[in-house]
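What follows is a single structure, written as structure tokens, with notes after it.
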Amino acid sequence: MNEDYSYFQGQEFRTSLANYERMLATGEPAELDSEALTDIAEYYAMNQRMEDANRCIQYALSFYPDSVDPQIFLSRQQMFQGNQEKAWAICNAISDQDDREVLFLRAELFFYFGENDRAFDLLLSSYLNAEKEDAPELFYDAIALAMDYGLGDKALLWVKRLRTDYPDYTDAIALQAEIHNYRREYQQAADLLRENIELIAYDIQAWLQMAEACLWLENYDDAMEAVDFALAIEPENADALIMRANILLDTDRLEEAHEYYVRFLHYFPNDERANYLDSQCLIDCGCYESAIGRLELLAAQPGSAIRGYVLSYLAYCHDQLKHTEQSLHYRQQAEKERTNYLSTLFPDLYPEGDNTEEPLSSD
């Protein structure tokens with residue numbers, strides 16, 4: 001799971017978001033600090049609402065021009081656009097270079113632009129020089145950042161060091177399990193969590209990593225039990241909701257899977273993967289009109305890597321509903337994409353087409 005959904009479900013964030021959106025709608029002033037406004041911009045960006053994100057971050061800068069958080073947002077925005085010089089210029093212009101988040105911004109810029117060793121040196125040095133009470137969390141976040149950039153070998157070495165240096169820091173157990181899962185060491189992840197079951201009994205992330213490991217090991221009952229423990233701790237945890245939906249989808253319990261995707265999408269309506277997988281549930285259940293609603297939302301997202309597949313399924317749904325003109329329209333649109341799913345969905349019409357595998361799966 002690459003997104004931190006749980007924070008954006010929290011009451012504090014939801015209150016800030018409601019206050020900000022009420023301000024936009026009514027003009028009523030809202031007391032929001034730069035951190036809250038940056039979080040709102042991040043939420044909009046995660047939901048593919050970039051105009052709203054940019055407007056929010058500019059509003060933050062108009063009130064807090066020297067604040068760290070909005071400038072980090074802008075630097076990362078330039079980073080994702082490939083503008084290395086601009087990203088570094090914004091980073092280096094931040095007045096408080098000792099801020100912890102600036103440290104992680106600098107490390108991420110190194111990672112993103114291929115200077116991994118410089119990032120490692122910066123993060124390790126910061127850990128070694130940190131106050132004892134701050135060091136475990138700082139190193140945890142450094143390991144998570146390395147994981148974000150696919151550096152599983154270093155992440156595993158570091159998490160073992162973290163557990164050795166701070167054996168009472170139990171959050172590292174779930175993190176190590178996550179790294180094992182990333183490295184496809186699913187049995188090791190499950191064994192680690194079972195060995196420490198008393199220490200992780202109320203750790204939602206640990207239960208989710210257990211579910212992930214069991215899912216890949218095709219131990220579906222154990223996976224379901226693990227995710228149910230997570231939901232018992234926090235019934236509306238988004239990561240747990242989508243994990244349960246994925247397990248149900250993999251075990252062909254399609255109507256139940258759809259229910260959990262709907263619960264997840266209540267919080268994150270523009271999530272690409274959840275919309276796509278839910279559309280598969282709806283198609284397999286024969287609910288073509290409902291599937292079209294999901295797929296049209298995806299088709300409207302600019303620059304999507306799965307656009308050809310989405311258009312293919314739109315053509316298929318309309319074909320099943322005998323909407324001949326609409327089906328033809330979407331087939332023609334799908335043909336223009338670099339990859340599509342037409343040869344699988346319409347084998348009689350595209351016998352030698354691209355038989356690319358599904359772009360997104362529940363695994």
Side-chain angles (χ1 to χ4, degrees), residues 1-5 43-53 80-82 148-150 182 212 215-216 238-239 241-243 245-250 252 254 257-258 260-321 323 326-347 349-350 352-363:
M1 287 160 285
N2 297 321
E3 304 290 355
D4 182 11
Y5 294 116
Y43 172 79
Y44 286 144
M46 191 173 79
N47 282 279
Q48 313 298 321
R49 296 169 58 180
M50 291 311 303
E51 288 187 11
D52 291 330
F80 289 130
Q81 294 171 5
D148 286 344
Y149 282 88
Y182 172 79
E212 179 96 2
L215 182 58
W216 279 100
D239 290 315
L241 291 174
I242 197 166
M243 176 66 77
N246 292 344
I247 296 169
L248 291 164
L249 177 60
D250 279 2
D252 292 323
L254 301 177
H258 169 62
Y260 277 88
Y261 284 125
V262 168
R263 286 174 65 179
F264 173 86
L265 288 164
H266 170 74
Y267 299 102
F268 302 98
N270 294 326
D271 187 272
E272 181 178 67
R273 186 180 180 206
N275 273 293
Y276 186 84
L277 293 174
D278 191 36
S279 73
Q280 308 307 299
C281 288
L282 293 166
I283 290 169
D284 290 344
C285 289
C287 301
Y288 301 114
E289 291 184 355
S290 297
I292 286 170
R294 289 271 184 259
L295 293 165
E296 285 180 339
L297 179 64
L298 291 171
Q301 293 182 5
S304 172
I306 63 169
R307 180 174 171 78
Y309 300 93
V310 170
L311 295 169
S312 301
Y313 276 114
L314 278 167
Y316 177 78
C317 290
H318 281 292
D319 181 71
Q320 295 299 302
L321 293 168
H323 299 162
Q326 292 97 320
S327 179
L328 175 60
H329 166 75
Y330 284 115
R331 281 197 289 112
Q332 290 174 335
Q333 294 298 309
E335 290 170 2
K336 299 175 184 178
E337 298 296 321
R338 186 177 64 84
T339 56
N340 60 59
Y341 215 46
L342 293 173
S343 62
T344 297
L345 298 174
F346 300 93
L349 296 175
Y350 302 90
E352 298 180 359
D354 180 10
N355 239 345
T356 306
E357 295 181 0
E358 286 280 5
L360 294 178
S361 71
S362 59
D363 295 330

Do side-chain atoms of [X] reach the backbone of [Y] as a donor and acceptor pair under 3.5 angstrom?
X	Y	result
Asp278	Ala274	no
Asn47	Arg49	no
Tyr182	Gly150	yes

Discussion item. Between Tyr313 and Gln280, is the side-chain hydrogen bond (donor to acceptor under 3.5 Å, both in side chains) condition met? List the steps.
Written reply: CA-CA 9 Å; Tyr313 276 114; Gln280 308 307 299; 3.2 Å; yes
Worksheet item: Between Asn246 and Tyr260, do the side chains contain an N or O donor and an N or O acceptor separated by less than 3.5 Å?
Response: no
Worksheet entry | Between Tyr330 and Asp319, a side-chain donor and acceptor under 3.5 Å | no
Worksheet item: Does the side chain of Leu249 reach to within under 4.5 Å of the side chain of Leu254, using non-hydrogen atoms?
Response: yes
Worksheet entry | Tyr309 and Thr339, any side-chain heavy atoms less than 4.5 Å apart | yes
Discussion item. Please determine whether side-chain contact (heavy atoms from CB on, under 4.5 Å) holds for the pair Tyr350 and Glu335, giving the CA-CA distance in whole Å, both sets of side-chain angles, and the decisive distance to 0.1 Å.
Written reply: CA-CA 10 Å; Tyr350 302 90; Glu335 290 170 2; 2.4 Å; yes
Worksheet item: Would the Phe268 and Tyr5 ring centres measure less than 6.0 Å apart?
Response: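 Yes; Tyr5 has its ring centre under 6.0 Å from that of Phe268.
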Worksheet item: Shortest non-hydrogen contact from Gln301 to Asn270?
Response: NE2-O, 3.1 Å
Worksheet item: Which heavy atom in Ala291 sits nearest to a heavy atom in Ser279, and how many Å separate them?
Response: CB-O, 4.0 Å
